[in-house]
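What follows is a short report on a single structure.
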Amino acid sequence: MTTSANGKFVRKPFIAGNWKMNMDHVQGITLLQKLAWTLSDAKHDYNRAEVAVFPPFTDLRGVQTLVQGDDLEVVYGGQDLSQFDSGAYTGDISGQFLSKLGCAYVLVGHSERRTIHNESDEVLNAKVKAAFRHGVTPVLCVGEGLEVRQAGTHVEYTLAQLRAGVEGLTAEQAADLVVAYEPVWAIGTGEVAGPEDAQEMCAAIRAELAEFFDETVAEKTRLLYGGSVKANNAAAIMAEKDVDGLLVGGASLDPAEFANIVRFESHLVTD
Ligand SMILES: O=C[C@H](O)COP(=O)(O)O
């Protein structure tokens, strides 16, 4: 755990770049090299903000080789995993394979998996458990679409996804879990939920974790915001009390922009 210069952070900030279905394995290496150089030039202290990238599966072996070969401090993960460990599941990727590739994290239930691939809460709960079985930390994504937001039921909707996702976890697992709140209406649209929207939901998620598990879990679980994050809005979102990190899509494909998001602290107003 880290405390920042302004004393805000009790949980280590976590800045994650989800490349989605962008960057083939050659482009991915170039992107990661540029990101690492930019952060090195800026003397980024990885103790102050953990940096993760989530490349496509086909990039992961190259990413592992680069991270190991150049001793990079950037960590990486998969964008999805199977709820099963092995067998006749064509096209799926086991948590065991991700673990063997050195993945520290895996996204579970990204809104694009929930909508395009119709992944249910039950399947996602099984995926969260599969990740833990293989020693890979799940980043459970939750969040509402535009209709739910307009109906004003977004908090209850999102908390129901959360409860379903963490069902059956031990307190220790829940404390390690990362939860990403992504309001679907703010993803890739240029629409940003305001810092106060991110705070409202992250506070509600933390309270729900305290209720579902206990206060200790709620104090430890890291909560991210994702949805049209850019360098010019990252600091304001991160200044919110219950926001511990950012899940960045489009802006993570630009190494200079993403590095500036990682270095959000340099844009924070300190007392
Ligand atoms: O995984 C990232 C989120 O879907 C946000 O994507 P975005 O930054 O392109 O809006």
Side-chain angles (χ1 to χ4, degrees), residues 13-23 27-28 31-32 35 49-57 59-60 63 74-81 98 103-119 124 127-128 131 137-146 148-149 154 157-158 161-162 165 177-195 197-198 201-202 205 222-238 240 243-264:
F14 183 73
I15 311 297
N18 175 13
W19 296 356
K20 305 193 177 183
M21 199 173 75
N22 297 291
M23 302 288 146
Q27 295 168 321
L31 174 58
L32 182 55
L35 175 64
E50 185 174 5
V51 183
V53 293
F54 291 86
F57 289 133
D59 296 15
L60 285 172
V63 165
V74 176
V75 296
Y76 53 91
Q79 296 178 10
D80 180 40
L81 83 166
L98 297 180
C103 290
Y105 296 97
V106 62
L107 301 180
V108 176
H110 189 280
S111 58
E112 289 145 21
R113 303 288 317 174
R114 288 180 188 265
T115 53
I116 301 166
H117 297 274
N118 291 316
E119 294 190 358
L124 296 176
K127 289 188 174 194
V128 165
T137 300
V139 178
L140 174 65
C141 304
V142 294
E144 83 285 357
L146 186 58
V148 174
R149 166 64 60 160
H154 50 287
Y157 180 92
T158 301
Q161 288 182 332
L162 175 74
L177 180 74
V178 179
V179 179
Y181 168 54
E182 358 163 63
V184 181
W185 49 273
I187 293 175
T189 60
E191 292 292 324
V192 191
D197 296 316
M201 191 63 80
C202 287
I205 290 171
R222 289 186 295 175
L223 308 182
L224 317 183
Y225 166 77
S228 296
V229 173
K230 303 280 183 294
N232 64 11
N233 58 25
I237 298 167
M238 285 300 292
E240 295 294 341
V243 180
D244 305 311
L246 303 165
L247 180 60
V248 184
S252 71
L253 302 177
D254 176 339
E257 179 80 7
F258 189 59
N260 273 327
I261 294 172
V262 168
R263 293 178 37 72
F264 70 91

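Start at 1 and go down the list; that is how both ligands and their atoms are numbered.
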Item to check | Residue selection (non-hydrogen contact nearest atom 9 (O) of ligand 1) among A16, G227, C141, G250 | outcome: G250

Item to check | Beyond-backbone contact of I205 with V142, side-chain heavy atoms, under 4.5 angstrom | outcome: yes

Next on the checklist: Nearest non-hydrogen contact with atom 3 (C) of ligand 1 belongs to which option: Q79, E182, E112?
Outcome noted: E182

Checklist outcome for this item: One finds that the ligand 1 atoms under 4.0 Å from a non-hydrogen atom of S228 are 7 (P), 8 (O), 10 (O)

Item to check | Check ion pair E50-R222 (N to O, under 4.0 angstrom) | outcome: yes

Item to check | Identity and separation of the nearest protein heavy atom to atom 8 (O) of ligand 1 | outcome: G249 N, 2.9 Å

Next on the checklist: Is there a side-chain contact between V148 and W185 in this structure, where contact means two heavy atoms from C-beta onward sitting under 4.5 Å apart?
Outcome noted: no

Item to check | Atoms of ligand 1, numbered as shown, that sit under 4.0 Å from any heavy atom of K20 | outcome: 1 (O), 2 (C), 3 (C), 4 (O), 6 (O)

Checklist entry - Is the backbone of A186 close enough, under 3.5 Å, to the side chain of S228 for a donor and an acceptor to pair up by distance? => result yes

Checklist entry - Strictly under 4.0 Å, does any heavy atom of A251 approach an atom of ligand 1? => result no

Checklist entry - Between L177 and P138, which heavy-atom pair has the shortest distance, and what is it? => result CD1-O, 3.5 Å

Checklist entry - When you look for heavy atoms under 4.0 Å from ligand 1, do you find them on the side chain of N18, its backbone, both, or neither? => result side chain

Checklist entry - What heavy-atom pair brings K230 and A251 nearest, and what distance separates the two atoms? => result CD-CB, 4.1 Å

Item to check | Enumerated ligand 1 atoms positioned under 4.0 Å from heavy atoms of H110 | outcome: 1 (O), 2 (C), 3 (C), 4 (O)

